[in-house]
Amino acid sequence: MSDDLSSCLVLNTIAAARSLLRRHDTKLKPFGVTVQQFALLAAIRLHPGEPVATLAQRVLLDRTSLTRNLDLLERKGLVQRVSNAAGNVRLCELTEQGDAVLDRILPEWRQSKAALTEGLSEQDAETYLRVARHLAQE
């Protein structure tokens, strides 16, 4: 039975996700954001003018989690919600403070990303990403 559990893709994926989130949330704590909030800030910068619903898909958050995280980022003064020109689509923009925080986080994120793949071959990293993306499909 324990052999089955130790080789379970679901349990190992959950353990890896929790470990990675804990580790990277700790690194981002001095910046006042979580991994999910960092992903949102980056997505807003990389895809300006995208509707909030599309952002949820980009950062793999359900609508409730997205709204909660956007509310927190807005209260921190890092994002602002605006309507498009027609007034019927909700958009998000980074504030000046949000841009500055993201600029400070990016070097830390790049270092963390490099440290995470240390000891893995490029092929191993590509295989992991391919498998993780496959398993994440609904």
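Since the structure is predicted, the reported quantities are computational estimates derived from the model, not experimental observations. We use all heavy atoms of the structure for the numbers below, so side chains are in, but hydrogens, waters and symmetry mates are not.
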- Out of curiosity, Ser65 OG to Leu60 CG, how far, rounded to the nearest 0.5 Å? 11.5 Å
- Item | Point-to-point distance, once rounded to the nearest 0.5 Å, from CZ of Arg68 to CD of Gln37 | 9.5 Å
- Task: Can you measure from OG1 (Thr64) to CG (Asn69) and round to the nearest 0.5 angstrom?
- Result: 11.0 Å
- Message: Around atom NZ of Lys76, are there more than 12 heavy atoms from other residues, nucleotides or ligands closer than 6.0 Å?
- Response: yes
- What's the verdict on side chain to side chain contact (heavy atoms under 4.5 Å, CB included) for Leu40 and Leu73, showing C-alpha distance, side-chain angles and the deciding distance? CA-CA 9 Å; Leu40 265 174; Leu73 290 171; 4.1 Å; yes
- Looking just at side-chain N and O atoms, do Thr127 and Asp124 make a donor-acceptor pair shorter than 3.5 Å? no
- Message: Could you measure the distance from the CG atom of Leu55 to the SG atom of Cys92? Nearest 0.5 Å is fine.
- Response: 6.0 Å
- Test Thr95 against Asp99 for side chain to side chain contact (heavy atoms under 4.5 Å, CB included), laying out the working first. CA-CA 6 Å; Thr95 62; Asp99 260 327; over 6 Å; no
- Query: Run the side chain to side chain contact (heavy atoms under 4.5 Å, CB included) check on Leu78 and Val33 step by step: do they pass?
  - Reply: CA-CA 10 Å; Leu78 303 179; Val33 298; 3.9 Å; yes
- Between His134 and Arg130, is there a donor-acceptor pair closer than 3.5 Å when you use the side chain of the first and the backbone of the second? no
- Please examine the side chains of Val79 and Ile44, heavy atoms only from C-beta on, and report whether any two atoms are closer than 4.5 Å. yes
- Item | Single-linkage hydrophobic cluster Leu116~Tyr128, side-chain heavy atoms < 4.5 angstrom | no
- Does the side chain of Gln36 reach to within under 4.5 Å of the side chain of Val59, using non-hydrogen atoms? no
- Are Lys29 and Thr26 close enough that some pair of their side-chain heavy atoms sits under 4.5 Å apart? no
- Message: Taking Ile105 as the starting point, is it possible to reach Leu21 by hopping between hydrophobic residues whose side chains are less than 4.5 Å apart?
- Response: yes
- Query: Between Asp71 and Arg81, does at least one N-O distance fall below 4.0 Å, as a salt bridge requires?
  - Reply: yes
- Message: So does Leu9 get a backbone contact from the side chain of Thr13, meaning a donor-acceptor N/O pair under 3.5 Å?
- Response: yes
- Message: Do Glu126 and Glu122 make a side-chain contact, defined as non-hydrogen atoms from C-beta onward lying under 4.5 Å apart?
- Response: yes
- If you group Ile, Leu, Val, Met, Phe, Trp and Tyr by side-chain heavy-atom gaps below 4.5 Å, do Leu72 and Leu61 land in one group? no
- Item | Inter-residue atom distance Ile14.CD1 - Ser19.OG, 0.5 Å rounding | 13.5 Å
- Query: Is there a donor-acceptor pair under 3.5 Å between the side chain of Asp25 and the backbone N or O of Thr34?
  - Reply: no
- Message: Rounded to the nearest 0.5 Å, what separates atom CD in Gln80 from atom CD in Glu96?
- Response: 10.0 Å
- Is it true that Glu50 and Arg58 have a side-chain N and a carboxylate O under 4.0 angstrom from each other? yes
- Arg63 versus Ala53, closest heavy-atom pair with distance: NH1-CA, 3.4 Å
- Task: Go through the steps for Arg45 and Asp103 under the test salt bridge (Lys or Arg N to Asp or Glu O under 4.0 Å), then give the verdict.
- Result: CA-CA 11 Å; Arg45 178 184 281 175; Asp103 285 341; 2.9 Å; yes
- Any Leu66 side-chain heavy atom under 4.5 Å of Asp62 side chain: no
- Begin with the C-alpha distance, continue with both residues' side-chain angles, and end with the deciding distance and a verdict on side chain to side chain contact (heavy atoms under 4.5 Å, CB included) for Leu102 and Phe38. CA-CA 7 Å; Leu102 187 56; Phe38 160 70; 3.6 Å; yes
